[in-house]
Protein chains: 2
Amino acid sequence: MKLDELDKKILGYLQQDAKITNKELSAKLNLSVTAIYERVKKMERSGVIAQYITLLNKDIVGLGFQVFCHVKLEKHAQNAIDSFEKEVTALDEVLECFHVSGDYDYLLKVLVRDMEHFRNFMVSKLTTLKYIGSTQSSFTISEVKNTTTITV
Amino acid sequence: MKLDELDKKILGYLQQDAKITNKELSAKLNLSVTAIYERVKKMERSGVIAQYITLLNKDIVGLGFQVFCHVKLEKHAQNAIDSFEKEVTALDEVLECFHVSGDYDYLLKVLVRDMEHFRNFMVSKLTTLKYIGSTQSSFTISEVKNTTTITV
DNA sequence: TTTGAAAAGGTCCGGAA
DNA sequence: TTCCGGACCTTTTCAAA
């Protein structure tokens with residue numbers, strides 16, 4: 001789908017605030033409410049707009065301990081990959097899992113309450129998965145930048 | 001803030017869909033629209049609910065090439081850290097940057113169009129930052145799991 | 001694709017339990 | 001905290017350009 005400058009501006013605002021009204025957008029962009037409405041609907045239909053979601057505050061919710069786990073598998077046969085990917089996806093603590101190139105196979109973003117909970121996650125969840133080879137963990141000292149906003 | 005089971009269910013639905021109406025929630029949870037409304041407002045005020053945002057489809061938007069960059073700084077003096085963090089935050093291609101423990105100092109999530117664009121990002125942006133020591137990149141082969149939904 | 005106007009539906013109060 | 005009812009605002013549809 002081709003996006004013109006107006007579409008890109010709409011996406012800019014929507015990425016920051018899913019609840020901005022068409023009326024507010026129409027005022028910012030000097031278009032009628034209906035014109036905004038049609039453009040947004042078109043971007044929803046084409047899939048450019050994937051989802052409207054709510055972000056929670058990790059710290060307030062008590063999950064401020066963020067860890068990146070580098071995982072190597074023992075075997076790289078298809079069944080090992082399928083098994084690991086299925087099992088790791090089922091873990092609530094794992095928000096992200098990417099199959100990556102390089103020294104290890106997977107990079108995981110893990111969210112837990114504290115070191116105590118992380119230890120428990122490692123011992124009784126992650127390292128019990130089938131075909132797990134080695135893991136290496138990096139603890140987050142500080143979040144320098146963390147956005148979902150794409151510059152289109 | 002203390003969250004009861006009802007609050008947690010509301011958060012579960014809101015995290016998946018920021019546009020779910022209070023009416024829909026009230027039907028799912030057998031509460032009045034006003035009761036839902038009050039609970040949501042309270043969670044907004046307390047900061048549990050941080051933001052309502054829109055997610056775009058990276059692939060459709062033409063930014064489907066995802067790379068994790070491990071960065072080591074040359075110096076670890078405060079001014080070097082401040083300088084690097086400020087500069088890296090300004091880069092649109094860098095969606096996430098975490099100061100982490102381990103063999104390297106920072107872990108970056110970088111989003112670009114393709115390898116060509118990544119090469120350009122490395123050569124003319126990332127490696128030109130002050131105090132950059134070494135970098136190591138991992139390319140994403142596949143996205144196994146990628147959610148923002150926290151289990152509360 | 002755009003517009004204004006009107007119907008349909010949701011948000012957000014006040015007052016009461 | 002909960003509920004109901006109503007005022008207000010937003011979304012959605014429509015005919016027209």
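In what follows, chains are A, B, ... by sequence order, proteins preceding strands, each numbered from 1. Just so it is clear, the structure is predicted and the values come from calculations on it, not from any experiment.
Base contact: A:A35 has a heavy atom under 4.0 Å from a base atom.
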Take A:I132 and A:L129 through the test side chain to side chain contact (heavy atoms under 4.5 Å, CB included) and record every step on the way to the result. CA-CA 6 Å; A:I132 275 270; A:L129 300 192; 3.7 Å; yes

Taking only nitrogen or oxygen atoms into account, show me every contact under 3.5 Å that the protein makes with nucleotides 11-14 of chain D, one pair per line with its distance.
from, atom 1, to, atom 2, distance (Å)
D:dT11, OP2, A:N22, N, 3.2
D:dT12, O5', A:Y37, OH, 3.4
D:dT13, OP2, A:Y37, OH, 3.1

Write out a two-atom table: protein N or O, nucleotide N or O from nucleotides 6-8 of chain C, distance below 3.5 Å.
none

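End-to-end axis angle of the helix from C:dT1-D:dA17 to C:dA17-D:dT1, from C1' rotation axes over five pairs per end: 30° (rounded to 10 degrees).
Ionic pairing of B:K9 and B:D4 is not present here: no N-O contact between side-chain nitrogen and carboxylate oxygen is shorter than 4.0 angstrom. No salt bridge links B:D92 with B:K125; every basic N to acidic carboxylate O contact stays at or beyond 4.0 Å.
The nearest whole Å value for the distance from the CD1 atom in B:I36 to the C1' atom in D:dC4 is 15 Å.
For residues 44-73 of chain B, every residue pair satisfying the salt bridge (Lys or Arg N to Asp or Glu O under 4.0 Å) rule, not counting sequence neighbours, is listed here: B:K41-B:E44, B:K58-B:E143. Listed by first and then second residue, the salt bridge (Lys or Arg N to Asp or Glu O under 4.0 Å) pairs that reach into residues 99-112 of chain B are A:E96-B:K109, B:E96-B:K109, sequence neighbours excluded.
Residues of residues 45-52 of chain B having a heavy atom closer than 4.0 Å to DNA chain D: none are found.
The aromatic rings of B:F118 and B:F139 sit perpendicular to each other, their planes meeting at more than 60°, with 30° as the lower class boundary.
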